[in-house]
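Encoded as structure tokens, the structure appears first; notes follow it.
In this chain, numbering begins with 1 at the start of the sequence shown.
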Amino acid sequence: MKKTTKRIFLILGAVFVLVIIALLPKKKMSLPPQEETVYTVKTQTVTKTDLQEYLRINGTVKAENTISVFPDIGGKLTRVPVTLGTYVKKGQLIAEVDPSSPGSQYSKSPVYAPIDGYITSLPLTPGTTVTTSSEIAQIGNIEKLQIECKIPESKISVLQNGLTAHVALEAYKGALFPAHVFRISPIVDETSRTKEVYLLFDTTDSRINAGMYVKILLNTVLHENVIVIPTDCVISDGSKRYVYVYTSGESRESGTVEKREVTLGATVDGNVEVTDGLSEGEVIVVSGMQVLSDGVKVKEVGTSSSGEE
């Protein structure tokens, strides 16, 4: 009986101790605070500028008012008394065609120059058999030169007379010759799906010769005084486009970023027009934006202007 009573008291004592321990105030364990990540970025101040769209095309220098000359009758081309560059008068003999065939003899048929000008092409040599559709020569005014080029059908919507261009000649590296569009063909070629465009040089230069191959930078649409940013700083999310706008904190070199949706316009050479979403004078992140999210802290490691970028 005494043993039972003693055991009961021991159990009650143990319970009492446990209750006291449970009721004692607990000291909370605190973990060391985690430092917030700060990302390094490069920024750029948003400014307005002009954005010039253009086309790069090839062309050929030709004499103005060039005319192709064809014989009146088929036969063998027997004589060509002119050479390339020869100046001829209207009505001057430039070739003879012999229409004779075995068993029949005919007088030679003369080919005359239809206009005054210079011989710019002589594609055939004496002895060649020709027809009435064979081009004997081309005559044009090499003192007034023009450029002939072809524009793809997909690009013709921007064409108009007066568009300016910079022309480069293969023979003169680094030299650019100003020109402008003065005539546009009213039709699209069904085979090549192109439209012929003609340009005139703005100045006379002895280095330019008929027949030269040229490369043309044709200025098309000019977007004046618009906000332009690098295309690399634009983040795509489905059909939406975003940039990170930088707001400085206590110091100019540190701050936070805001993820902002923007509407884009024309793109030229790695730069894109922003039609909505940004204002002049705001600062955007142009490098390091891949790891950012809305509201994170950042530190500037470099800044540039739109022109420098």
- Message: To the nearest 0.5 Å, what is the distance between CD on Glu224 and CD on Gln52?
- Response: 9.0 Å
- Query: Under 3.5 Å, side chain of Arg260 to main-chain N/O of Gly277, donor-acceptor pair present?
  - Reply: yes
- Note on the structure: When rounded to the nearest 0.5 Å, the distance separating NZ of Lys76 from OG1 of Thr128 is 9.5 Å
- Query: Between Leu55 and Val268, is there a shared hydrophobic cluster once you connect ILVMFWY residues whose side-chain heavy atoms come closer than 4.5 Å?
  - Reply: no
- Item | Heavy-atom side-chain proximity of Asp294 to Val257 below 4.5 angstrom | no
- Of the non-hydrogen atoms in Cys233 and Val243, which two are nearest, and what is the gap between them? O-CG1, 3.9 Å
- Item | Shortest non-hydrogen contact between Thr132 and Gly74, atoms and distance | CG2-N, 4.2 Å
- Message: Do His180 and Asp202 pair up side chain to side chain, a donor and an acceptor below 3.5 Å, judged on atom types alone?
- Response: yes
- Are Val167 and Tyr198 linked, directly or through other ILVMFWY residues, by side chains that come within less than 4.5 angstrom of each other? no
- Taking it one step at a time, do Phe177 and Leu169 satisfy side-chain contact (heavy atoms from CB on, under 4.5 Å)? CA-CA 8 Å; Phe177 302 85; Leu169 307 180; 3.5 Å; yes
- Can you tell me how far OG1 of Thr66 sits from CD1 of Ile142, rounded to the nearest 0.5 angstrom? 10.0 Å
- Message: In the structure I gave you, are the side-chain heavy atoms of Leu124 and Ile136 within less than 4.5 Å of one another anywhere?
- Response: yes
- List the atom of Val285, the atom of Ser287, and the distance in Å for their closest heavy-atom pair. CG1-O, 3.5 Å
- Ala63 versus Leu145, closest heavy-atom pair with distance: CA-CD2, 4.0 Å
- side chain to side chain contact (heavy atoms under 4.5 Å, CB included), paired with Leu264, selected from Asp276, Thr275, Val274: Val274
- Message: Between Arg183 and Glu148, does any NZ, NE, NH1 or NH2 come within less than 4.0 Å of an OD or OE carboxylate oxygen?
- Response: no
- Task: State, with a plain yes or no, whether a side-chain heavy atom of Tyr213 is found less than 4.5 Å away from one of Asn58.
- Result: yes
- Query: Between the side chains of Thr203 and Asp205, is a donor N or O closer than 3.5 angstrom to an acceptor N or O?
  - Reply: no
- Query: Hey, quick one: are Val221 and Val228 part of the same hydrophobic cluster, counting side-chain heavy atoms closer than 4.5 Å, chains of contacts allowed?
  - Reply: no
- What's the shortest heavy-atom distance between Ala266 and Glu53, and which atoms? CB-OE2, 3.6 Å
- Query: Of Asp269, Thr220, Thr164, which meets side chain to side chain donor-acceptor pair (under 3.5 Å) against Tyr54?
  - Reply: Asp269
- Query: Do the side chains of Leu93 and Phe70 join up, straight or via other hydrophobic residues, at under 4.5 Å, putting them in one cluster?
  - Reply: no
Anything under 3.5 Å between a donor and an acceptor, one on a side chain of residues 106-121, the other on a protein residue two or more places apart or in another chain? List them.
residue: Asp116; atom: OD1; partner: Lys90; partner atom: N; Å: 2.5
residue: Tyr118; atom: OH; partner: Glu143; partner atom: OE2; Å: 3.4
residue: Thr120; atom: OG1; partner: Gln138; partner atom: O; Å: 3.3

- Pairwise distance OH(Tyr246) to OG1(Thr45) - rounded to 0.5 angstrom: 11.0 Å
- Item | Check: Thr78 and Val97 side chains under 4.5 Å, non-hydrogen atoms | no
- Message: If I compare all heavy atoms of Gln44 with all of Pro230, which pair ends up nearest, and what's the gap?
- Response: NE2-CD, 3.6 Å
- Task: Report yes or no: does Asp189 contribute a side-chain atom to a donor-acceptor pair with the main-chain N or O of Ser192 at less than 3.5 Å?
- Result: yes
- Query: Do Thr129 side-chain atoms and Gly75 backbone N/O form a donor-acceptor pair below 3.5 Å?
  - Reply: no
- Tell me, do Leu77 and Thr125 make a side-chain contact under 4.5 Å, heavy atoms counted? no
- Item | Heavy-atom check, side chain of Val181 versus side chain of Ile184, under 4.5 Å | yes
Determine all donor-acceptor pairs shorter than 3.5 Å in which one atom belongs to a side chain in residues 153-160; sequence neighbours excluded.
residue: Glu153; atom: OE1; partner: Arg193; partner atom: NE; Å: 3.1
residue: Glu153; atom: OE1; partner: Arg193; partner atom: NH2; Å: 3.2

- Message: Return the CD to CE distance between Glu170 and Met212, rounded to the nearest 0.5 Å.
- Response: 10.0 Å
- Verify the cluster assignment for Ile151 and Val188: are they in a single hydrophobic cluster under the rule of side-chain heavy atoms below 4.5 Å apart? yes
- Query: What distance separates Thr263 OG1 from Glu273 CD, expressed to the nearest 0.5 Å?
  - Reply: 10.5 Å
- Heavy atoms, side chains only, cut-off 4.5 Å: are Ile94 and Val88 in contact? yes
- Decide side-chain contact (heavy atoms from CB on, under 4.5 Å) for Thr43 and Ile284; before the verdict, give the C-alpha distance in whole Å, the side-chain angles of both, and the deciding distance to 0.1 Å. CA-CA 5 Å; Thr43 62; Ile284 61 172; over 6 Å; no
- Look at atom CZ of Arg207 and say whether more than 12 heavy atoms of other residues, nucleotides or ligands are closer to it than 6.0 Å. yes
- Item | side-chain contact (heavy atoms from CB on, under 4.5 Å) evaluation trace for Val234 with Ile229 | CA-CA 9 Å; Val234 179; Ile229 63 174; 3.9 Å; yes
- Message: Contact between Val296 and Thr256 at the side-chain level, heavy atoms closer than 4.5 Å - yes or no?
- Response: no
